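Working notes, structure below.
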Amino acid sequence: MTYADTIFKQNISNILDNGVFSEQARPKYKNGKTANSKYITGSFATYDLQKGQFPITTLRRIPIKTAIKELMWIYQDQTSDLGVLKEKYAVNYWDEWEVANSGTIGQRYGATVKKYQIINKLLDGLAKNPWNRRNIINLWQYEDFEETEGLLPCAFQTMFDVRRGADGEIYLDATLIQRSNDMLVAHHINAMQYVALQMMIAKHFSWKVGKFFYFINNLHIYDNQFEQANELLNRQANAIEPELRLNVADGTNFFDIKPEDFELVNYEPVQPQLKFDLAI
Ligand SMILES: Nc1nc(=O)c2c([nH]1)NC[C@@H]1CN(c3ccc(C(=O)N[C@@H](CCC(=O)O)C(=O)O)cc3)CN21
Ligand SMILES: O=c1ccn([C@H]2C[C@H](O)[C@@H](COP(=O)(O)O)O2)c(=O)[nH]1
């Protein structure tokens, strides 16, 4: 079993055995019923990427390319326009969250990154002094929430720090803080897309990637996903650790990196693929 699969199975068991049910949950299923979930609070895991511990499960196939395209849409294109996500990347999994025929998901995610020049400021700060302790992406902007409707960002904060390794190289560590996570659908999508962001920033500065820390406040399994949760627990995981690679030269500009520069090797997830009826 891979490192990530051990954590995934522990989380599933922990939620099923010790979780509590939400009351008055916000989302609804397509049939109009309230989408309650069973959840735990305060989940935390450390992945040492240097040791090959990537936060991706082999128990079901994770749409890694789609996840990385969504990340580019947010941090390179810096827009919340669904047309860009669809036309440039052929991704349509945000369509259900369109805000009032605006063709966007509101003043959120990429639109927030653009408005506050978050990536430019982050890269500038790291360029001026990599050892500054102020490298923060924060998508939780109340001003934006008041500007338009829209789902509030789930993976809303990321922090970066550098450290000199025993080999003399500079390593970039990252922390992702998420307020809410639909674990079976998006746990590894979110973790891997932020590992990809960490790798892009590391390449930009010719650094190595170090550790990835993942904190989730409300980690849940929806009440229409218990069958899939038990199926995942019963599956035998692959023993080989998948590895995400970024095939560009050191020093490649952050904005020049493309989704196809990423390659996930040794990834042989268990079949068949599980289907989910998402809470909207
Ligand atoms: N309930 C819920 N869960 C989420 O994960 C989620 C939301 N809502 N709302 C906003 C975004 C949209 N996200 C999504 C939406 C759909 C898929 C999805 O359909 N995933 C499938 C197939 C995707 C593909 O192959 O392209 C999967 O198997 O993971 C994943 C993440 C993540 N977020
Ligand atoms: O990147 C994402 C975006 C969304 N989610 C999930 C987490 C929740 O299940 C819903 C959002 O509902 P709230 O009521 O706003 O918490 O979407 C995710 O896991 N990752």
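Keep in mind that this is a model prediction, so the values were computed, not measured.
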Fill in: Residues Tyr116 and Asp144: side-chain donor-acceptor under 3.5 angstrom
yes
Item to complete: Tell me, with the steps shown, if Asp173 and Arg163 meet salt bridge (charged side-chain N to carboxylate O under 4.0 Å, His left out).
Response: CA-CA 8 Å; Asp173 294 338; Arg163 115 188 107 72; 2.6 Å; yes
Item to complete: Kindly indicate whether the side chain of Ile170, heavy atoms from C-beta on, has any atom under 4.5 Å from the side chain of Pro130.
Response: no
Item to complete: Assess the pair Trp207 and Phe160: is the distance between their ring centroids shorter than 6.0 Å?
Response: no
Worksheet item: Looking at Asp167 and Lys208, does any basic side-chain N land under 4.0 Å from a carboxylate oxygen?
Response: no
Worksheet entry | Ring center gap for Tyr214 and Phe44 short of 6.0 angstrom | no
Worksheet item: Are Trp140 and Phe145 close enough that their ring centers fall under 6.0 Å?
Response: yes
Worksheet entry | Side chains of Met72 and Phe262 in contact at under 4.5 Å (non-hydrogen atoms) | yes
Worksheet item: In terms of hydrophobic clusters joined by side-chain contacts under 4.5 Å, are Val195 and Tyr171 together?
Response: no
Item to complete: Using a 4.5 Å cut-off on heavy atoms from C-beta on, say whether the side chain of Ile216 contacts that of Leu176.
Response: no
Discussion item. Using the rule that Ile, Leu, Val, Met, Phe, Trp and Tyr join whenever any side-chain heavy atoms are under 4.5 Å apart, tell me whether Tyr39 and Ile280 fall into a single cluster.
Written reply: no
Worksheet item: Can Asp161 and Arg133 be counted as an ion pair, charged N to O under 4.0 angstrom?
Response: no
Fill in: Within-4.5 Å side-chain heavy-atom neighbours: Leu232 and Lys9
no
Item to complete: Using the salt bridge (charged side-chain N to carboxylate O under 4.0 Å, His left out) rule, take Lys38 and Asp223 through it: C-alpha gap first, then chi angles, then the decisive distance, then the call.
Response: CA-CA 7 Å; Lys38 213 170 179 188; Asp223 61 7; over 6 Å; no
Discussion item. Can a side-chain donor-acceptor contact be found between Asn36 and Ser22 if the only test is distance below 3.5 angstrom?
Written reply: yes
Worksheet item: Does a side-chain heavy-atom distance below 4.5 Å link His204 with Phe255?
Response: no
Worksheet item: Do other residues, nucleotides or ligands put more than 12 heavy atoms under 6.0 Å from Lys114 NZ?
Response: no
Worksheet entry | Cluster check Ile189, Tyr222: I/L/V/M/F/W/Y, side chain < 4.5 angstrom | no
Item to complete: May I ask you to decide if Glu268's main-chain N or O and Asn238's side chain share a donor-acceptor pair within less than 3.5 Å?
Response: yes
Item to complete: State, yes or no, whether a side-chain contact exists between Phe254 and Gln76 at a heavy-atom distance under 4.5 Å.
Response: yes
Practice prompt. Find out whether Phe54 and Asn266 are in side-chain contact, i.e. whether some heavy atom of one side chain is under 4.5 Å from a heavy atom of the other.
Written response: no
Discussion item. Working to the nearest 0.5 angstrom, can you tell me the gap between Thr112 OG1 and Gln117 CD?
Written reply: 12.5 Å
Item to complete: Please tell me if the side chains of Val265 and Arg245 come closer than 4.5 Å, counting only heavy atoms from C-beta onward.
Response: yes
Worksheet item: Do His188 and Phe8 have ring centroids that are under 6.0 Å from one another?
Response: yes
Practice prompt. Among Phe156, Trp94, Trp97, find the residue that satisfies the ring-ring contact (aromatic ring centres under 6.0 Å, His included) test when tested with Tyr109.
Written response: Trp94
Discussion item. Could you check whether Lys203 pairs with Asp250 (Lys NZ or Arg NE/NH1/NH2 to Asp/Glu carboxylate O, under 4.0 Å)?
Written reply: yes
Worksheet item: Below 4.0 angstrom, N of the basic side chain to O of the carboxylate: do Lys115 and Glu147 qualify?
Response: yes
